[in-house]
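In what follows, a single structure is set out as structure tokens and then discussed.
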Amino acid sequence: MGLRQGLDEQSREWAWRLRNRLTLSLPLWKRPLKQPVPGIDLPTSERLARLRRDYPLARWGEVCSRAEWRENLYILDLLDRHLGRPAAPIGPCLDIGTKNGVHFPALASYSGQGWDGIELDAYRRYRNLASRRDHGRFMARPFASRYLSGSLLALHTPTRYRLITWFLPFITEAPLAAWGLPRRFYQPVALLTRAYELLDAGGTLLIVNQGEWERQVQERLFTATGISARDLGRMQSEFSPFRQPRYGWRVDKPTMN
């Protein structure tokens, strides 16, 4: 799934430049799981039955592997639990750090329309030599969504988003280095400020961190930027495929008077 070794700064810079010049990739091939079997592919529960009843999941089978089915149920479960079920399509939505677009099915099912997803490291390759961008576009297609390549700081758009999600932002340097990204991209204050700028008045920003240490760092970032956020605590779901605990924050931007 890509080089994750800790490289020195010069090596990280050269690797970054190389993969952003060699942007062509081989065609993506994958075998989606058309319809998972509860009890075999997924845990059987009342929660699963409710999500299937309340949200349209029919097209997930066009793009999701077994693991992706479960991860999307996890994302949909978190959104439903912590933001509530939308009464109508939300409006423009953005997923920051969308990686390979794996969450597009859950995001679109939750909100009732397509999403924008932006990823800085869009040209990282998989073992089959397809890029994150190509996989993201594949995941986006059935859900009228857009995969955007580049930095959030360079996203200049008149659109203001009603809902923004941000799963595992790089708020400490160690994960950034582990993924081989140059240190110049470590800009947690600037990125959080920009995310808030892109949020529409009355809109919501949901941030999910990994581990208690990152939760504490995130809290300090809110203080540093003057952004008011509600601590959602540990985010638990029976569909979680992750070992590390995750913690959530909800930012509701005031409506303009």
Side-chain angles (χ1 to χ4, degrees), residues 1-4 15-16 18-34 56-76 78-79 90 92-157 159 161 163-170 175-176 178-181 185 191 194-195 198 205-208 241-242:
M1 286 294 184
L3 179 65
R4 297 189 62 178
W16 166 263
L18 180 62
R19 64 178 175 267
N20 279 273
R21 287 178 181 174
L22 304 176
T23 58
L24 294 177
S25 68
L26 294 180
L28 176 70
W29 183 90
K30 65 184 296 188
R31 180 179 293 172
L33 180 66
K34 295 297 183 183
L57 312 186
R59 302 202 68 178
W60 290 21
E62 297 178 26
V63 295
C64 287
S65 67
R66 179 179 284 101
E68 289 165 349
W69 257 99
R70 182 160 186 161
E71 187 167 345
N72 273 280
L73 282 171
Y74 165 71
I75 295 297
L76 182 59
L78 294 189
L79 293 172
I90 294 173
C93 299
L94 174 69
D95 183 45
I96 301 172
T98 203
K99 297 182 178 64
N100 63 357
V102 67
H103 297 158
F104 277 133
L107 296 173
S109 294
Y110 174 76
S111 65
Q113 81 282 307
W115 282 57
D116 287 347
I118 188 165
E119 172 55 43
L120 173 67
D121 199 11
Y123 300 106
R124 184 174 292 276
R125 308 273 171 170
Y126 293 92
R127 292 189 180 95
N128 62 6
L129 299 183
S131 68
R132 274 180 168 178
R133 182 186 66 171
D134 281 7
H135 188 274
R137 288 177 172 178
F138 175 82
M139 298 296 293
R141 195 172 301 121
F143 306 101
S145 296
R146 295 194 304 165
Y147 186 95
L148 307 175
S149 307
S151 169
L152 182 70
L153 299 180
L155 180 60
H156 300 297
T157 171
T159 301
Y161 294 97
L163 175 59
I164 298 177
T165 54
W166 200 352
F167 297 96
L168 310 189
F170 288 141
L176 186 91
W179 279 103
L181 293 173
F185 292 119
L191 289 168
R194 181 59 179 152
L198 289 169
L205 166 63
L206 177 69
I207 294 179
V208 177
F242 307 112

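Just so it is clear, the model here is predicted, and its values are computed rather than measured.
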Please report the interatomic distance CG(Leu148) to OG1(Thr98), rounded to the nearest 0.5 Å. 9.0 Å

Supply the atom-to-atom distance Asp121 CG to Arg133 CZ, rounded to the nearest 0.5 angstrom. 13.0 Å

Counting C-beta onward and ignoring hydrogens, is there a side-chain heavy-atom pair between Thr157 and Leu198 closer than 4.5 Å? yes

Hey, does the side chain of Lys30 reach the backbone of Val63 with a donor-acceptor pair shorter than 3.5 angstrom? yes

Nearest heavy-atom neighbours spanning Glu119 and Gly97: OE1-C, 3.3 Å

Phe104 and Tyr147 aromatic ring geometry - parallel, tilted or perpendicular at 30°/60° bounds: perpendicular

Evaluation steps, side-chain contact (heavy atoms from CB on, under 4.5 Å), between Leu94 and Thr159: CA-CA 10 Å; Leu94 174 69; Thr159 301; over 6 Å; no

Kindly compute the distance separating CZ (Phe138) from NE2 (His135), expressed to the nearest 0.5 Å. 7.0 Å

Heavy-atom closest contact (Pro56 atom, Ser109 atom, distance): O-OG, 2.7 Å

Nearest 0.5 angstrom please: Met139 CE to Arg132 CZ, how far? 14.0 Å

Minimum heavy-atom distance Gly180-Arg19, with the two atoms named: O-NH2, 3.7 Å

If you round to the nearest 0.5 Å, how far is CD1 of Ile207 from CD1 of Ile164? 9.0 Å

Which residue in the set Trp69, Trp60, Phe167 passes ring-ring contact (aromatic ring centres under 6.0 Å, His included) when paired with His103? Phe167

Decide whether Trp115 and Thr165 meet the rule of one side-chain donor and one side-chain acceptor closer than 3.5 Å. no

So, taking the atom named CG in Leu73 and the one named CG in Leu78, what distance separates them when rounded to the nearest 0.5 Å? 11.0 Å

How far apart are the closest heavy atoms of Ala195 and Leu152, and which atoms are they? N-CD2, 4.0 Å

Minimum heavy-atom separation for Ile118 and Ser151, please, with both atom names. CD1-O, 3.7 Å

Can we call the ring centroids of Phe185 and Phe170 under 6.0 Å apart? no

Would Trp16 and Leu120 count as a side-chain contact (heavy atoms from CB on, under 4.5 Å) if you check the C-alpha gap in whole Å, the side-chain angles of each, and the deciding distance to 0.1 Å? CA-CA 11 Å; Trp16 166 263; Leu120 173 67; 3.8 Å; yes

List the atom of Ser131, the atom of Ala122, and the distance in Å for their closest heavy-atom pair. CB-O, 3.9 Å

Does any N or O in the side chain of Asn72 come within less than 3.5 Å of the main-chain N or O of Ala106, such that one atom is a donor and the other an acceptor? yes

Between the side chain of Ser145 and the main-chain N/O of Phe143, is any donor-acceptor distance below 3.5 Å? yes

